[in-house]
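Computed from a predicted model, the values in this text were never measured in an experiment. Note that these values count all heavy atoms, side chains included, but never hydrogens, waters or copies made by symmetry.
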Amino acid sequence: MTIKLNGELVELSFDVGTIQQLLAFYQLEDRLVIVEHNREIILKDHYESTPLQNGDEVELVHFVGGG
């Protein structure tokens, strides 16, 4: 499956089928992340139940601390 992730086309393996699995794949599941799926903000409670489909657009915004 191919999705557009943060403006780039990305080929996902067959075992990445939800937003939750996408976050786990990129090791972001334990971080504060804002997820936009097809131009709609997804609440954290819906990550596991939001399926990804070929051609979807996903934006992931996560925060990095620093000083």
Side-chain angles (χ1 to χ4, degrees):
M1 163 174 41
T2 302
I3 67 168
K4 186 179 273 188
L5 178 62
N6 291 351
E8 301 285 331
L9 291 177
V10 175
E11 183 71 30
L12 298 176
S13 65
F14 68 91
D15 58 341
V16 179
T18 66
I19 295 294
Q20 182 67 42
Q21 292 166 343
L22 181 69
L23 293 174
F25 180 78
Y26 285 103
Q27 300 177 346
L28 295 171
E29 70 270 26
D30 294 330
R31 296 189 184 187
L32 179 59
V33 179
I34 305 298
V35 177
E36 184 181 282
H37 178 236
N38 293 332
R39 303 181 189 270
E40 183 174 316
I41 300 293
I42 304 299
L43 299 176
K44 187 174 183 174
D45 293 343
H46 296 138
Y47 288 173
E48 192 170 330
S49 63
T50 302
L52 292 171
Q53 298 181 352
N54 197 42
D56 280 356
E57 293 183 27
V58 177
E59 296 286 331
L60 301 178
V61 178
H62 66 97
F63 303 95
V64 178

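- Residue pairs meeting the side-chain hydrogen bond (donor to acceptor under 3.5 Å, both in side chains) criterion with at least one member in residues 49-61, sequence neighbours excluded: His37-Asp56, Asn38-Asp56.
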Quiz: residues 6-29 side-chain donor-acceptor pairs under 3.5 angstrom, not counting sequence neighbours:
{"unit_1": "Asn6", "atom_1": "OD1", "unit_2": "Leu60", "atom_2": "N", "d": "2.7"}
{"unit_1": "Asn6", "atom_1": "ND2", "unit_2": "Leu60", "atom_2": "O", "d": "3.2"}
{"unit_1": "Glu11", "atom_1": "OE1", "unit_2": "Thr2", "atom_2": "OG1", "d": "2.5"}
{"unit_1": "Glu11", "atom_1": "OE2", "unit_2": "Met1", "atom_2": "N", "d": "3.1"}
{"unit_1": "Ser13", "atom_1": "OG", "unit_2": "Asp15", "atom_2": "OD1", "d": "2.3"}
{"unit_1": "Thr18", "atom_1": "OG1", "unit_2": "Gln20", "atom_2": "N", "d": "3.4"}
{"unit_1": "Thr18", "atom_1": "OG1", "unit_2": "Gln21", "atom_2": "N", "d": "3.1"}
{"unit_1": "Gln21", "atom_1": "OE1", "unit_2": "Gly17", "atom_2": "N", "d": "2.6"}
{"unit_1": "Gln21", "atom_1": "OE1", "unit_2": "Thr18", "atom_2": "N", "d": "3.1"}

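- Listed by chain and number, the hydrophobic cluster partners of Leu43 come to none, as no ILVMFWY side chain reaches under 4.5 Å of it.
- By the side-chain contact (heavy atoms from CB on, under 4.5 Å) test, Ile41 is found to be paired with Ile34, Glu36, residues two or more places apart in sequence or in another chain being considered.
- Applying the salt bridge (charged side-chain N to carboxylate O under 4.0 Å, His left out) test to residues at least two apart or on different chains, none of the pairs has a partner in residues 41-50.
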